[in-house]
Amino acid sequence: MSDTSKKTMNMIEAINSAMDVMLERDPGVVVLGEDVGYFGGVFRATAGLQKKHGKTRVFDTPITECGIIGVGVGMAAYGLRPVPEIQFADYIYPGLDQLVSEAARMRYRSAGDFICPMTVRSPFGGGIFGGQTHSQSPESLFTHICGIKTVIPATPYDAKGLLIAAIEDNDPVVFFEPKRIYNGPFTGYYDRPVEPWSKHEGSAVPEGHYRIELGKASVVREGQTVTVLTYGTMVHVVKAVVAEHGIDAEIIDLRTLLPLDIETIEASVKKTGRCMVVHEATRTSGFGAELAAQVQERCFYHLEAPIERVTGFDTPYPHSLEWAYFPGPVRLARAFDKIMKD
Amino acid sequence: MQRPNDNLAPLHLHVPEPKFRPGDKADFSDVVVPPVDAIARPDEAVKPADIHPLAYGLVRVLGDDNQATGSWNPGLDADKLRLMLRKMLTLRAFDDRMFRAQRQGKTSFYMKSYGEEATSVATTMALQRDDMCFPSYRQQGILITRDYPLIEMMNQIYSNRGDKLKGRQLPIMYSAKDYGFFSVSGNLTTQYPQAVGWAMASASRGDTRIAAVWCGDGSTAEGDFHSALTFAAVYNAPVIFQVVNNQWAISSFSGFAGSERTTFAARAIGYGIAGLRVDGNDVLAVYAAMEWAANRARTNNGPTLIEYFTYRGEGHSTSDDPNAYRPAEEYAEWPLGDPVDRLKAHLIALGEWDEERHLALAAELSDEVKAIQKDAEKNGILGHGLHHSFETMFEDVFEEMPWHLKEQCEQVLEEQRDKFGSEWKAQ
């Protein structure tokens with residue numbers, strides 16, 4: 001296996017490859033979760049890993065997220081690097097106490113006596129007709145917790161490099177995978193055919209080990225008139241809208257929500273003078289509120305218009321009205337119109 | 001409108017109530033204390049399904065005649081018994097001094113383990129030194145048994161500049177990895193799945209170390225307890241679950257955790273793991289149960305759940321007044337007695353101890369604890385300036401401090417300069 005040879009991968013394949021590489025390199029890495037073993041996961045993220053690395057390294061668990069994450073904390077205390085999967089982000093809540101009160105504070109409360117190098121992977125976000133229990137975006141709950149890093153990739157290349165960095169990190173990481181774009185980037189036009197990852201430059205993924213440093217954003221499109229701060233599925237939706245309407249926007253894919261790459265954000269907003277924040281999660285107390293606060297604290301005198309937030313609505317994720325809920329091309333176009341008029 | 005069941009007696013909601021409240025005469029005559037060896041010690045490789053009666057019985061070794069008999073008798077020599085007594089008396093002396101220190105305003109909080117010392121001291125003696133303990137908040141006896149320096153415990157209680165936990169944790173929430181003592185959480189029973197994870201890791205690595213975990217009767221109601229037992233059963237994890245049933249969860253009696261219907265040891269039965277109910281004030285029974293469970297775990301025979309039937313002799317913590325919800329004389333009336341008194345009586349019955357030596361030992365330990373306390377207080381007491389530096393508030397949130405914490409750290413230093421003048425310097 002060469003570190004430089006590249007292969008076309010979709011996001012699932014890239015995530016699978018990251019775990020495969022880490023299971024190979026570090027005997028302490030353990031993958032556990034509901035259906036992740038023999039079957040290879042409901043989204044196939046762990047396909048083939050048990051067969052290759054054995055049942056004590058990659059295994060199925062009982063259906064108790066509290067147990068899965070709690071056991072992970074104990075394995076980390078022993079010296080392993082557990083990578084639990086929570087099958088849907090919507091199911092993470094029974095494990096929240098183990099994340100918030102235990103994993104996140106282990107280093108602090110024991111003054112480094114015990115640490116928790118654990119990466120909790122979980123598919124999140126909507127756009128797959130998952131209804132209110134298979135579509136949520138709870139990332140801001142985790143950015144609010146001190147002691148956890150929150151990471152969200154938007155391409156196969158980033159997914160692999162970020163997941164390897166997360167697994168190698170000595171602190172707990174919540175790694176949310178935008179499941180709508182597992183198989184291909186999404187323009188926001190749900191009624192158009194899905195474009196496969198193979199047509200996207202982000203699908204060229206090295207087969208071996210590489211890292212993308214946590215806490216570093218990626219400028220996915222340079223522009224002069226407005227800065228768009230976004231992550232996950234929405235990176236691709238924003239890109240499509242910007243191309244369609246010929247907007248000279250600078251699009252920043254945050255990649256890591258916490259620690260936040262404030263330098264990249266600040267430099268961009270000071271250059272463009274406008275800032276739009278886009279996420280699929282509900283609006284009130286969403287991560288966009290934090291971004292807006294940070295930007296106005298640092299760039300207030302550079303702003304030529306109020307910061308615009310484009311988000312999901314403050315309702316549970318509806319099943320039949322999914323596309324009316326989703327912050328798609330129409331909502332984005334209206335927001336661009338507004339911010340450019342101001 | 002006529003409803004279909006109008007002819008039935010109305011439903012009513014059962015809300016448990018303890019038998020006695022302040023002013024009532026405590027009467028424990030209904031507590032069944034079976035004779036020593038009522039159920040013989042089974043082989044350690046026994047199938048859990050073959051020992052269900054042990055989950056409802058009461059393993060005892062020390063009889064009313066203060067002699068140790070029966071198949072559960074671990075056969076400890078007099079030196080080991082005296083060491084056990086010494087550890088329990090040290091714990092008692094330590095608890096007394098630290099409780100008093102809290103009352104003197106030297107710290108914010110303390111929790112004694114009066115009446116349930118056996119469940120942390122005898123258990124730890126039955127484990128190997130490198131086995132991993134996942135305590136709840138009343139197992140300071142583990143640290144004392146493993147010779148953790150008392151001054152380190154006091155520094156933690158005072159949150160002073162000697163505190164290895166940098167003044168971050170509520171008093172008594174120790175962490176001592178080198179002593180096989182996991183960081184105490186404060187959120188209840190979270191340590192249960194963690195102990196299982198540690199044990200699974202040990203098993204998956206072909207290690208020989210096992211994990212032991214403690215919780216109280218009240219906190220068996222937490223979901224973590226049941227997640228942990230499920231995981232341990234599924235993977236046959238080398239872990240020992242212990243429920244210190246001291247019958248009180250702050251002011252709520254054990255009925256609110258389900259004790260009106262069954263024993264805590266019987267929780268094991270539904271999970272298909274071994275369950276033992278033990279006289280928690282009989283140090284030899286506690287030792288024997290732990291030894292049995294440890295041998296079982298270490299030979300890949302799986303997890304065990306042990307319930308220690310005991311009684312919380314004092315308040316939940318320094319913030320609690322038990323006289324507000326239970327009769328004051330309950331502990332005196334309690335039929336299983338006091339663990340220290342029973343071990344002392346046993347040693348005297350063996351001709352290996354006497355009242356004079358006992359008094360002398362208690363006095364020696366009390367003086368020793370007092371002297372250590374003086375040294376600890378040289379490092380400061382809570383709220384008197386000798387704390388860790390302000391920067392330490394921001395350290396260890398992450399391995400490396402991110403920019404936003406650096407900014408906040410600078411802010412707190414500026415606030416100190418505003419407060420104390422521009423001459424002020426960070427320690």
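Values reported hereafter were calculated over all heavy atoms of this structure, with side chains retained and with hydrogens, waters and symmetry mates removed. Lettering of chains follows the sequences in order, A, B, ..., and the numbering in each one begins at 1.
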Among residues at least two apart in sequence or on other chains, which ones pass ring-ring contact (aromatic ring centres under 6.0 Å, His included) with B/F256?
B/F253
Of all heavy-atom pairs between B/F398 and A/G147, which one has the smallest distance, and what is that distance?
CE2-C, 3.4 Å
Which portion of B/F225 sits near chain A, non-hydrogen atoms under 4.5 angstrom:
neither
Which bit of A/I68 comes within less than 4.5 Å of chain B, counting heavy atoms only: side chain, backbone, both or neither?
both
B/M132 versus chain A, heavy atoms under 4.5 Å apart: side chain, backbone, both or neither?
side chain
Checking B/M393 against chain A: side chain, backbone, both or neither under 4.5 Å from a heavy atom?
both
Engaged part of B/P402 at the chain A interface, taking heavy atoms whose separation is under 4.5 Å:
side chain
Answer with side chain, backbone, both or neither: which region of A/P27 has an atom nearer than 4.5 Å to a non-hydrogen atom of chain B?
both
Is chain A contacted by the side chain of B/V397, its backbone, both, or neither, given a heavy-atom distance below 4.5 Å?
both
Counting backbone as well as side chains, what donor-acceptor pairs lie under 3.5 Å between chain A and chain B?
from	atom 1	to	atom 2	distance (Å)
A/P27	O	B/R205	NH2	2.9
A/D60	O	B/Y235	OH	2.4
A/T64	OG1	B/S227	OG	2.5
A/Y78	OH	B/D207	OD2	2.6
A/D97	OD1	B/N187	ND2	2.8
A/Q98	OE1	B/Q194	NE2	2.9
A/Q98	NE2	B/T190	O	3.0
A/Q98	NE2	B/D224	OD2	2.9
A/S101	OG	B/N187	ND2	2.9
A/E102	OE1	B/Q194	NE2	2.9
A/E102	OE2	B/S185	OG	2.5
A/E102	OE2	B/T190	OG1	2.9
A/Y108	N	B/D396	O	3.2
A/Y108	O	B/R168	NH1	3.0
A/Y108	OH	B/M393	O	2.8
A/R109	NE	B/S183	OG	2.5
A/R109	NH2	B/S183	O	3.0
A/R109	NH2	B/S183	OG	3.4
A/D113	OD2	B/S175	OG	2.8
A/D113	OD2	B/A176	N	3.3
A/D113	OD2	B/K177	N	2.8
A/N170	ND2	B/E399	OE1	3.1
A/N170	ND2	B/E399	OE2	3.0
A/D171	OD2	B/E399	N	2.7
A/L260	O	B/W403	NE1	2.6
A/R298	NH1	B/E407	OE2	3.2
A/R298	NH2	B/E407	OE1	3.1
A/R298	NH2	B/E407	OE2	3.0

If I measure from the heavy atoms of chain B, does A/L260 come under 4.5 Å with its side chain, its backbone, both, or neither?
both
Between A/A76, A/G79, A/C66, A/A104, which has the largest tally of heavy atom pairs under 4.5 Å with chain B?
A/C66
